[in-house]
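This report refers to the structure that appears directly beneath it.
Excluded from the calculations below are hydrogen atoms, water molecules and symmetry mates; all remaining heavy atoms, backbone and side chain alike, are included. In this text, all values refer to a predicted model and were calculated from it rather than measured experimentally. Atoms within each ligand, like the ligands themselves, are counted from 1 in listed order.
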Amino acid sequence: MKHTDKYSDIRDAVRDLCKEFPDEYHRKIDEQRGYPEAFVNALTKAGWLAALIPEEFGGSGLGLAEASVIMEEINRSGGNSGACHGQMYNMGTLLRHGSQAQKAKYLPKIATGELRLQSMGVTEPTTGTDTTKIKTTAVKKGDRYVVNGQKVWISRIQHSDLMILLARTTPLADVKKKSEGMSIFIVDLRDAIGKGLAVRPILNMVNHETNELFFENLEIPAENLIGEEGQGFKYILDGLNAERTLIAAECIGDGYWFIDRVTKYVKERVVFGRPIGQNQGVQFPIAESYIELEAANLMRWKACELFDACQPCGEQANMAKYLAAKASWEAANACLQFHGGFGFACEYDIERKFRETRLYQVAPISTNLILSYVAEHVLGLPRSF
Ligand SMILES: Cc1cc2nc3c(=O)[nH]c(=O)nc-3n(C[C@H](O)[C@H](O)[C@H](O)COP(=O)(O)OP(=O)(O)OC[C@H]3O[C@@H](n4cnc5c(N)ncnc54)[C@H](O)[C@@H]3O)c2cc1C
């Protein structure tokens with residue numbers, strides 16, 4: 001499948017870079033449970049991860065549409081943007097809500113890659129998706145905040161210099177609305193680890209560097225508070241539309257990768273004296289997932305268009321993520337199924353991509369939570385939780 005669109009310059013350039021990191025590279029990293037350092041460095045050096053940083057801070061000031069093409073192409077090439085997508089979108093919180101001094105201090109260095117802001121600490125073990133109940137607290141003491149609590153599934157900590165942290169600054173019992181009283185901070189991980197922050201890596205189904213974090217009297221300078229105290233939850237929500245849309249594009253990249261692979265294979269693989277792709281039982285699931293992928297892609301472009309025009313796009317960003325995660329998973333299933341036994345052999349890369357794309361129905365937001373968002377906020381149904 002060769003698509004042409006107005007982003008072909010970006011597509012070609014990212015593809016060329018990705019070609020230097022073929023399947024064997026990603027397979028080996030997966031096998032070793034390693035981090036694709038050389039790949040991420042090459043993307044950083046070429047400026048791709050700074051796409052959304054405005055030019056005045058050293059980035060390329062591109063729109064979400066262009067940024068989404070970069071993520072799509074990484075996944076479409078057989079790589080996994082999960083290793084580095086945080087560097088592209090986590091800085092959005094700082095860009096939108098940080099002070100001029102914070103932006104001037106951090107953004108140019110994030111743009112060059114001198115600083116990695118790859119991590120965002122929101123999820124907690126006892127509260128899960130019910131974010132307003134988080135128990136991690138940040139208490140102001142003079143010119144510092146003192147943080148205590150625990151986070152789980154916090155990604156890329158070992159490959160990041162900075163983390164955006166959500167913590168409660170006013171107890172839940174003392175706020176009018178449960179979404180108030182939480183604040184966000186920039187945590188300099190280089191100062192924090194071993195001095196109030198302990199990190200426990202979580203081995204998981206995907207080669208995704210993710211961790212449990214334990215905060216015990218971690219001190220953060222008060223100047224690292226982003227925006228107004230108590231408004232942190234709102235700031236995090238503001239960044240989600242970009243994140244959802246970029247992840248949708250990654251799923252779309254995965255989906256095309258699966259469809260390309262399976263289409264080629266079923267034309268070549270001969271069983272019972274004919275290519276397996278001649279059987280409708282084989283054709284239909286592939287055709288169906290392709291149709292669903294194309295539809296998801298339209299919703300992704302809609303979300304990008306609205307976002308880049310500064311229009312509300314929560315509905316479209318959530319729906320794009322839902323549709324794309326589902327379509328890439330269907331494509332993954334068809335690809336695995338029609339490779340028969342070979343789909344399970346690591347050297348075909350299908351089982352790796354199959355694991356990687358499955359994650360997106362759970363994180364960064366689960367499909368159920370998207371359904372409840374649409375039910376409540378789009379269709380006006382009563383809140384279910
Ligand atoms: C590999 C990985 C990387 C991650 N990286 C990060 C990260 O960098 N930073 C971060 O903060 N978090 C991260 N997460 C956490 C991720 O965002 C959460 O796992 C996800 O939001 C779901 O939360 P939970 O695991 O606590 O599930 P739970 O909230 O316990 O939910 C479990 C299941 O129940 C369903 N459910 C819960 N409530 C309802 C309801 N009311 N109605 C219907 N269904 C419901 C959910 O949809 C879900 O399927 C990561 C997770 C993984 C697996």
* Structure fact -> At under 4.0 Å between heavy atoms, what of T367 touches ligand 1? The answer is neither
* Asked: Which one holds for F385 and ligand 1: side chain close, backbone close, both close, or neither close, with close meaning a heavy atom under 4.0 Å?
  -> side chain
Backbone or side chain, does any N or O of [X] fall under 3.5 Å from an N or O of ligand 1?
X    : answer
E124 : no
T127 : no
H208 : no
T210 : no
V122 : yes
T129 : yes
I365 : no

When you measure from [atom] to every protein heavy atom, which one gives the shortest distance, and what is it?
atom                    : value
atom 9 (N) of ligand 1  : M120 O, 2.8 Å
atom 13 (C) of ligand 1 : W153 O, 2.9 Å
atom 10 (C) of ligand 1 : T123 OG1, 3.3 Å
atom 47 (O) of ligand 1 : S366 OG, 2.5 Å
atom 37 (C) of ligand 1 : L369 CD2, 4.3 Å
atom 3 (C) of ligand 1  : S155 OG, 3.3 Å
atom 26 (O) of ligand 1 : G128 CA, 2.9 Å
atom 43 (C) of ligand 1 : N368 ND2, 3.4 Å

As a test of the contact definition, would [atom] count as having a protein heavy-atom neighbour under 4.0 Å?
atom                    : value
atom 41 (N) of ligand 1 : yes
atom 34 (O) of ligand 1 : no
atom 23 (O) of ligand 1 : yes

* Salt bridge flag under 4.0 Å for residues D254 and R358 -> no
* Asked: Do R355 and E351 meet the salt-bridge criterion of a basic N to acidic O distance under 4.0 Å?
  -> yes
* Residue pair H97 / D238, side-chain donor-acceptor N/O under 3.5 Å -> yes
* Scan side-chain atoms only and decide if K321 and T245 contain a donor-acceptor pair under the 3.5 Å cut-off. => no
* Asked: Counting distance only, does the side-chain N/O of Q102 pair as donor-acceptor with the main-chain N or O of L225 below 3.5 Å?
  -> yes
* Between the side chain of N207 and the main-chain N/O of G34, is any donor-acceptor distance below 3.5 Å? -> yes
Closest non-hydrogen atom pair, [X] against [Y]:
X    : Y    : result
K140 : A222 : CE-CB, 4.0 Å
L17  : A42  : CD1-O, 3.6 Å
T112 : T44  : O-CG2, 3.6 Å

* Taking salt bridge (Lys or Arg N to Asp or Glu O under 4.0 Å) as the test, write out the residues that go with E250, two or more places apart. => none
* To do: Would you mind reporting whether H208 and R156 have side-chain heavy atoms less than 4.5 Å apart?
  => yes
* Using the ring-ring contact (aromatic ring centres under 6.0 Å, His included) rule, pick out the option among Y360, F258, F354 that qualifies with W329. => F354
* **Per-atom contacts of ligand 1 with V362, taking only distances under 4.0 Å to non-hydrogen atoms** => 20 (C)
* To do: Report yes or no: does a heavy atom of P364 sit under 4.0 Å from some atom of ligand 1?
  => yes
* Has I154 got any heavy atom lying under 4.0 angstrom from an atom of ligand 1? -> yes
* Asked: Among pairs that include at least one residue of residues 91-117, which meet salt bridge (Lys or Arg N to Asp or Glu O under 4.0 Å), considering only residues two or more places apart or in two chains?
  -> E37-R116
* Take the angle between the ring planes of H26 and F21 and call it parallel below 30°, perpendicular above 60°, tilted in between. => tilted
